[in-house]
Amino acid sequence: MREILLFALLGLGSGALIAGIAVAIVLMYRGSGIINLATGGISMLSGYCFWSLREGEIASMGTVPALLVTLVFTLLVGVAMELVAFRPLRNAAPLAKLVASLGVLLIAQASMLLAFGSTQKPQPSILPSDVVTIFDVNVPVDRFILVGIIIAITIGLVALYRYTRFGLATRAASENEVSALLAGLSANQLSMVNTVLAALVAGSIGVLAASVTQLDTVSLPLQVVPALAAALLARLTSFAIACAAGIGIGIINSLIDYLSTQSWWPTDHGVPMPGTKELLAFLIIVAAMFLRGARLPSRGELVEQRLPEVPKATKILQPAIILTIVCAVALVVLPYDFRQALINSMIGTVMALSLVVITGFVGQISVVQLALAGVAGFTVSHMAVDFGIEFPLAPIIGAAVAVLFGAAIGVSALRVRGVSLAVVTLGAAVAISNFGFVNRTWGGGDTGSPVPQPEIFGIDLGTEAGFRGIDGNLPSPVFGWMVLVVTVLLCMFVASLRRGSFGQRMLAVRSNERASAAAAIDVRHVKLVAFSVSAFIAGVAGTLYAYNFGSVSADRFGPVTALALIAFAYAGGITLVSGAIFAGLISTQALLPHMLDKWLGIEGNWFLLFGGVILIFTLLQHPEGVAGAFYKSREQRRARRAAAAPPAPPAASSGRPVATVGVDS
Amino acid sequence: MSAVLETSKLSVRFGGVHAVNEVDLRVEEGQLVGLIGPNGAGKTTCIDAITGFVRSTGEVRLDGEDVTRLSAHQRARRGLGRTWQASELFDDLTVRENLLVAARRPSLWGVAKELFGAPVTKTEATERALELVDLAWAGDMRPTDLSQGQRKLVGVARAIAMQPRLLLLDEPAAGLDTHESEDLGRRLRSLVDGGQSMLLIDHDMGLVMSICDHIYVLEFGKLIAHGPPDVVRRDPKVIKAYLGSAAAELADEVDGEPARAADGGER
Ligand SMILES: Nc1ncnc2c1ncn2[C@@H]1O[C@H](COP(=O)(O)OP(=O)(O)OP(=O)(O)O)[C@@H](O)[C@H]1O
Ligand SMILES: [Mg+2]
């Protein structure tokens, strides 16, 4: 009993953290309709800022001046975020806003990595380190202070929203922006104030969190997942519920820590089962989505921008052949490091292709694709290690298992869509990674799990095959060729999928689910098939990753990498095969980052930063991505050429006035 | 004659509102049936209930078969083709593809074959439907490049391309001018004369009165009258329901005046 109390009280610390981020998420959503995945990232930024000012990295200030400067810095971050990323997207589709927040997160992470490296920083605690004794248990007093601060913030926000003109205005605007506009309130100002407030709340968490969590570029940003669970329980509207739920989740997490010391708790190779907290957060998200209404409360917004267009490939075979020949030769003549980078690019392309199908064609954002790849990769490894099943059966089984997982996600996607789906799949990605991959029995633990070389009829197809290209180094071009064949086939598959009738049905579902049903399209079926197809592609990418590295480990398939992947896929062009190829070229350890690193000494984290920046830029300027922008300008040139001889509609129809009569009278 | 569509005691409630209240409709094979009523009478909701887009009680029979328990897309497959008041097109597809995706239902094998061969870009049904609404010239354009009235016609063509047993049109003439609307009326009539059964909602009294075989009148979710156009337009209950401009229109019709000449472009 004493211990349970102790752990419950200790859990107040991380509970306060989660609660604070959850409250900031709610604040931001109410203010501007954005589910800000970067909320934890802002806490991290402020944490780094305070640390660097206090501990001599930049300056050696006293606590109070450092705090003040940090608050000003956080405020500026909030303003910048609003002006650069969110305001221009005010009337964009909710999904675009979510992706923009992803860009902010990537920028925050990459800039801190570049500035301070990836090692954890010893952040000083500004709270007293005394211990109080309650019912015979000694609890650090900072836990109570933390919770007190968060509760005070929450009460302040509730009062602000209930009793001030600003709060009333925000509430009115979140219900109906049109009426708020009519009432003469500037939605831009409201949104700005809310964003800055949210940044300040999140930022103070980052400074205060020192006594509970470490300062690095991953821990705090990923607290956004349990915080999202709490925020969803609050239906993204109630500060009080978000705060209480956050504290509750923290306490439960701490109790899980306690229970996992018990003898009956399931263990994995002698250590308590990993990832149970992440699994819990995921389950809460799912429960909140399914039990408390499948949809997020919708906001009455002015316009909803469409997703980027999905042009059809005019030619498939010709570019495929050219690409194959170029890459096949390049794999032999290029030096080994470029060879490796090319192989990485191809696998990245396959990964992005799976997003093209599910996000580009069907309009569903799935963060879980990389985790599905991991599922396939770990399956390949365990098939060999545990059952002696190797190539080519193992990758087939691997892809099949990925499809099973993907179909299961697809079933849940029948009820949640759009932004909600992105949140659910983010939770799933974190849970699969921590509960599945880190587990040594199912996944690879810290060290990873080995993958034997692929071999068929005595021919080695792996990275260590006999033929070593011109420079005689690893990896073998033979493996590259295999990856090339798979990549080109999948590219052709996705391109023809778009042209065929199933592609049309996917786009119909993306455009309008109601009208699809009226057109005799089984929306559920289309979605399920699309999820399975994209899971299959992701699974293939996962098996290629596995053979590429000769082992699989959890960090390759982690949620942060998954989010970066989405950024790259968006930047390349989420609706196009050529966009996927471009995404592959710019993804982590691919050709472009490698060249910049080698020739200009620009390290990979710069590319992550760059990825975040182009992601936001793409969203604002070219929602169709880099490849889409190329396509568009080509189309425009064609149209200009064709303009000389216009294939006009018959005169009778062309002169029709555009009717502006309402359709609902 | 056999009934293509028959509803009995069809009802829809939205909270306290009884949007459709025990409606019995019947559409005979090859008949053009009109469904009229003032704004908010429940006409759209009635079509939604028939095609499975809203939860309803009562029974819907298509060709004598109970389809009440089927979902919307299954009913569409059975032959209930509908259009929407707000055109609801697939903006990501071209006009022709909009029709194609509704018209074709290839098997798994067909889909697989398409991956290798050239995809089907048109069928006889899609071309005929485009021809019928006079939009063949716009086949390769995006719906977003068309006017509101033209978008409505694409919706009509999409439903026609499905070759449905019963075509349910929700205000297809809204957004068209007088001349175009008369033109559409003639085309719809010729479609019906060719054997197509149709249920038509429209506010354009002239159009409805001139082309329909039978008319149902809804008010506050209840059927208040039905019968051939001549009978319905003289029905005092109907005239009362249409107090105001529409009533004048009706009266004009009774006097044998071409009502729509009087009110110009208003539909
Ligand atoms: N989804 C809904 N939820 C609640 N009430 C609804 C809903 N849809 C329609 N209604 C109500 O049901 C009634 C019938 O609406 P419906 O749209 O069917 O009328 P209508 O005859 O098509 O009108 P109009 O001529 O304006 O198109 C109206 O009172 C409307 O407000
Ligand atoms: Mg209506």
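In what follows, every chain begins at residue 1, and chains take the letters A, B, ... in the order their sequences are listed.
Judged by distance alone, the side chains of D91(B) and S511(A) never bring a donor and an acceptor atom under 3.5 Å apart.
Partner of V101(B) under the side chain to side chain contact (heavy atoms under 4.5 Å, CB included) criterion, out of L507(A), I521(A), V509(A): I521(A) alone.
Annotation for A76(B) and A518(A): closest pair CB-O, 3.5 Å, computed over non-hydrogen atoms. The two residues S501(A) and R104(B) have their closest heavy-atom pair at CB-NH1, 3.8 Å.
For A138(B), no part lies under 4.5 angstrom from a heavy atom of chain A. Only the side chain of R158(B) has a heavy atom closer than 4.5 Å to any heavy atom of chain A.
Atoms CD and CG, from Q504(A) and L93(B) in turn, are 6.0 Å apart once rounded to the nearest 0.5 Å. Rounded to the nearest 0.5 Å, atoms CG (N512(A)) and CH2 (W84(B)) are 7.5 Å apart. Between atom CZ of residue R105(B) and atom CZ of residue R505(A) there is a gap of 9.0 Å, rounded to the nearest 0.5 Å.
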Exercise for the section: Using the side chain to side chain contact (heavy atoms under 4.5 Å, CB included) rule, take D92(B) and R510(A) through it: C-alpha gap first, then chi angles, then the decisive distance, then the call. Expected result: CA-CA 8 Å; D92(B) 294 316; R510(A) 188 185 103 151; 3.1 Å; yes
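In this structure F536(A) satisfies the ring-ring contact (aromatic ring centres under 6.0 Å, His included) test with no other residue, sequence neighbours excluded.
Under a cut-off of 6.0 angstrom, the local environment of CZ in R524(A) is sparse, with at most 12 non-hydrogen atoms contributed by other residues, nucleotides or ligands.
No other option in A520(A), A495(A), S516(A) has as many heavy-atom pairs under 4.5 Å with chain B as A520(A).
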